[in-house]
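Structure first, commentary second.
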Amino acid sequence: MVSQLSENPLSDELRLEKNPDPCTVVIFGASGDLARRKLVPALYSLYQQDRLSEGFAIIGSSRSGQSHQQFREAMKESVEEFSEEETVDSDSWSDFSESLFYCASDPSEDSTYDDLQACLEKVEREQKIPGNRLFYLSTPPSAYAPIIQKLGEKGLNKSSGEGWMRIVIEKPIGRDLESARELNRKVLGVFREDQVYRIDHYLGKETVQNILAFRFGNSLFEPLWHRHYIDHIQITAAESIGVEGRGGYYERSGALRDMIQNHLFQVFSMIAMEPPVSLEAHSVREEKTKVMRALQPIPPSRVSEFAVRGQYSSGSVNGSRVPGYRQEEGVDPCSKTETFAALKLYVDNWRWAEVPFYLRSGKRLPKRVSEVAIQFKRPPHLIFQESVDASSEVNSLILRIQPEEGITLRFRAKVPGQSIQIRPVNMDFRYGTTFGRKSPEAYQRLLLDAMIGDPTLFLRRDMVELSWAHLTPVLEAWQEGPSEIPLYEAGGWGPEQAHRFLEKDGRVWRSP
Amino acid sequence: MSVGLSIRRIEEELSQLWEGMSSQAEEGTSVIKASVINLIIFQSGPWSSSALDSILSDVTREHPGRILVILADSSSSREALDVQVTARCYPRVRERKQVCCECVRIEAAGPALQEIPSLVRPLLVPDLPVALWWRTEPLFEERIFQQLTRIAGRTILDSNTMADGLRGLTLLSDLIQAGDAQSAVTDLNWARITQWRRAIAGFFDVPKWRAHLDSIHRLEIDGTFRGGGKDVSVQALLMAGWLGSRLQWKVKEQRNSVSDHDGRFAFEAIREGGTTIVEIRRREVNRSEKAEQGLSRVALFAGPDGTTLFEAMASADRRHIQTSVRQNSDILSQRTHRNLLESESCMICRELEILSRDEAYESALQFVSRLIE
């Protein structure tokens, strides 16, 4: 009987994608930036696309008191400002907003969680939602543990019927190995690992997902994806902006924690991993974790050979003068926090032995760009005339994550004419010109996957802890190290030490 | 520019166009030739240049490639064949590049029409998928139609162009059955009901309501259509075919179907646990009425006494589909869905994203063709 199928027989075909089960999304920190700018606009977009099932509700929660109506009005303003939809359709907003509710909660006030429980049960009853719940912690990291503890104490982590419970946690997941382990212990004391969805929004980006399609959807590149042909790989996440008024947060973070520990390690793992046996979450995540385990440890006494850092001073970016980091709001005038970090990784396995992976990220660099540059080895014997700058003429494959998402293959070709002269040329594939359709915003994809129950694009516990473990020697060395941090002028590509970092290996940083 | 009939000449003209564009590009910019598809557009009869231009602009922005536009005049006894080659470029401001696609326009009249397939084949860009958009009434029996559909990996037709919609659906079904595993055929009327299908399918994302799928004992589909003819609405038939095929209904062998002067069509289907009466009602409107064509209501009656009603209705302006679930007189759910009234070029853009066969469509069509046999 079709009604006894666990899936909807009318959907999951070419034109009708599978939708998540009816569920309630509880957003802790609903008054915060992430909820306003990303989460609720993404949920509204999903609603507009009919990707949210009939039984659906959002309960916003934070310390502040407000009515359902006040919350709905505030979210309407957010959606109008931040949604990727060109206009907010008044009819569908009216329906969508009736699924929005608000219930204040404060981990320090026990009774507020009783109120939240009552609110959840009432909403589920009225909206006919069978007890499926997605808790989203859109709060400062310091609030994670208290909220999770309260959810456990009040039994909110357990479904009364057959419903599922999931929890989404944003980065940073800890600020070092010990705190990451502690947080994971607390989360797993209340939820099972399969209920925990640790977000890294880079994984929601179309072009990051395209790395898998590119590597494992073609037979052309995988044979070359090897130490025999690749000289080194550079992974860059550059920002032209400064801390944008978030100096207080950034002081406790720095480039290594903010970008490299999470986003760049994720990209690295997708570039370096072995082919998974399937696209199932377990297979993909297992291969990513495996390559992390193969990382060559950084000896504590030789951190400077594997990591450099810097901090931007005043300079010019995009034609405007900008202040230095220490002059930014909320920043200690004597701060040692790095706004630039570069790392060298080696993977001890047959595929990658002795191939360095250079990761770098920084603020107030000349442009915003994230990319992976795979530099191939030079031909063993060049029979053509060498140009002056031969180092720039190696074959390279560039995977551009943002902006101008796409792939560039750089190779040599003959210059038309009587003599045999060669020069490098680029062959470009651009998402924007090939696929005219706009890619969905990362949070739409990630929220949908969390509701559907697909953890492929989320981080496993061991992955998080392995990345922290690898960075521990660097964090400790920088904590205890020299009192001065190298400075770089805003608008440049980082400190001089970063350039020497590669030059001593006979290589240069790519200028994207 | 016009060229005589010569493939080599056509390719040379295209090459010269690219060289010309590159040399004329502003300093510091570059021209990108992008190709993701070969699109053959066949139009019998006149098509205004501005309308054609508009569609080409929209389609090539999203699906750059080589477009072969065939403008056929089958009524003429005079043999004529003329080819024009153009490139369409779109500036990408941020990148200071232009993205350009190629357009080959072939005007053919009289006996020269039969030469079209031999002209099209060598002009296709190798290794790219080939789609055929047959924009006017399909000539199922004609050689040119058969040959072009064989060349294309995917053929897009529009049953709205068929004078006899019912017969057309049967011929469509035959065409699909005769095709090989790699070739696909679709109908824009199927695309036009996607939003409706999405709205209906959404009811049964709720597990509790999914239980009613086996007790749907009545299905009503209403549509508003212009023009004469006593045909049952194709969109309504496809909607019935979709539900019937997905829910594993079987048309009752002893057909109980009625087709009378107001376009009402009813049949009985057998399902597990009972039968379902399907009634398709068509309301014709005059050309002066502002009502848009298309489905206006789909209602599924379920439950032991027909107590549960799943209903989708078009809003007055047809820009929304309003769904509701009622049990007896209680409203359990109401929701408003966008009903994107897509232009022709938008629909084609969506169709060109699909490169494979559409199993749901083929099953729905098969159900309908068994019904109207």
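Excluded from the calculations below are hydrogen atoms, water molecules and symmetry mates; all remaining heavy atoms, backbone and side chain alike, are included. Sequence lines set the chain letters: A, B, ... in the order given, protein chains first and strands last, and positions in each chain run from 1.
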Segment of F96(A) engaging chain B (4.5 angstrom heavy-atom cut-off):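 When you check distances to chain B, no heavy atom of F96(A) falls under 4.5 Å.
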Side chain, backbone, both or neither of D89(A) within contact of chain B (heavy atoms, under 4.5 Å): side chain
Would you indicate whether [X], at its atom [atom1], is surrounded by more than 12 heavy atoms from other residues, nucleotides or ligands within a distance under 6.0 Å?
X	atom1	value
L279(A)	CG	no
R319(B)	CZ	no
N218(A)	CG	yes

Per-residue contact mode, [X] against chain A (heavy atom under 4.5 angstrom):
X	value
L247(B)	both
S333(B)	side chain
S245(B)	neither
E359(B)	neither
Y361(B)	neither

Heavy-atom pair with the smallest gap, counting every atom of T336(B) and S92(A):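 Scanning both residues completely, I find the closest heavy atoms to be O-CB, 4.0 Å.
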Spatial distance of atom CZ (F204(B)) from atom OG (S53(A)) [nearest 0.5 Å]: 13.5 Å
Rounded distance [0.5 Å steps], CG in D95(A) versus NE2 in H337(B):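 D95(A) atom CG to H337(B) atom NE2 measures 8.0 Å (nearest 0.5 Å).
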Check ion pair E98(A)-R335(B) (N to O, under 4.0 angstrom): no
Chain A interface, residue from I200(B), I37(B), D205(B), L243(B) that has the most non-hydrogen pairs under 4.5 Å: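 Max contact count across the listed options: D205(B).
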Stepwise side-chain contact (heavy atoms from CB on, under 4.5 Å) test for T323(B) and E54(A): CA-CA 10 Å; T323(B) 55; E54(A) 285 279 330; 3.7 Å; yes
Min side-chain heavy-atom separation [X]-[Y] under 4.5 Å:
X	Y	value
L14(A)	I354(B)	yes
E13(A)	R246(B)	yes
L10(A)	R197(B)	no
P9(A)	L213(B)	yes

ring-ring contact (aromatic ring centres under 6.0 Å, His included) involving F411(A) - partner list, sequence neighbours excluded: none
Any residue meeting ring-ring contact (aromatic ring centres under 6.0 Å, His included) with F214(A), in chain and number order, not counting sequence neighbours: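 Listed in chain order: F221(A).
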Exam field: side chain N8(A) to backbone A201(B), donor-acceptor pair closer than 3.5 Å: yes
Under 3.5 Å donor-acceptor, R198(B) side chain and R15(A) backbone: yes
Largest heavy-atom contact set with chain B, pairs under 4.5 Å, which of S94(A), S11(A), P22(A): P22(A)
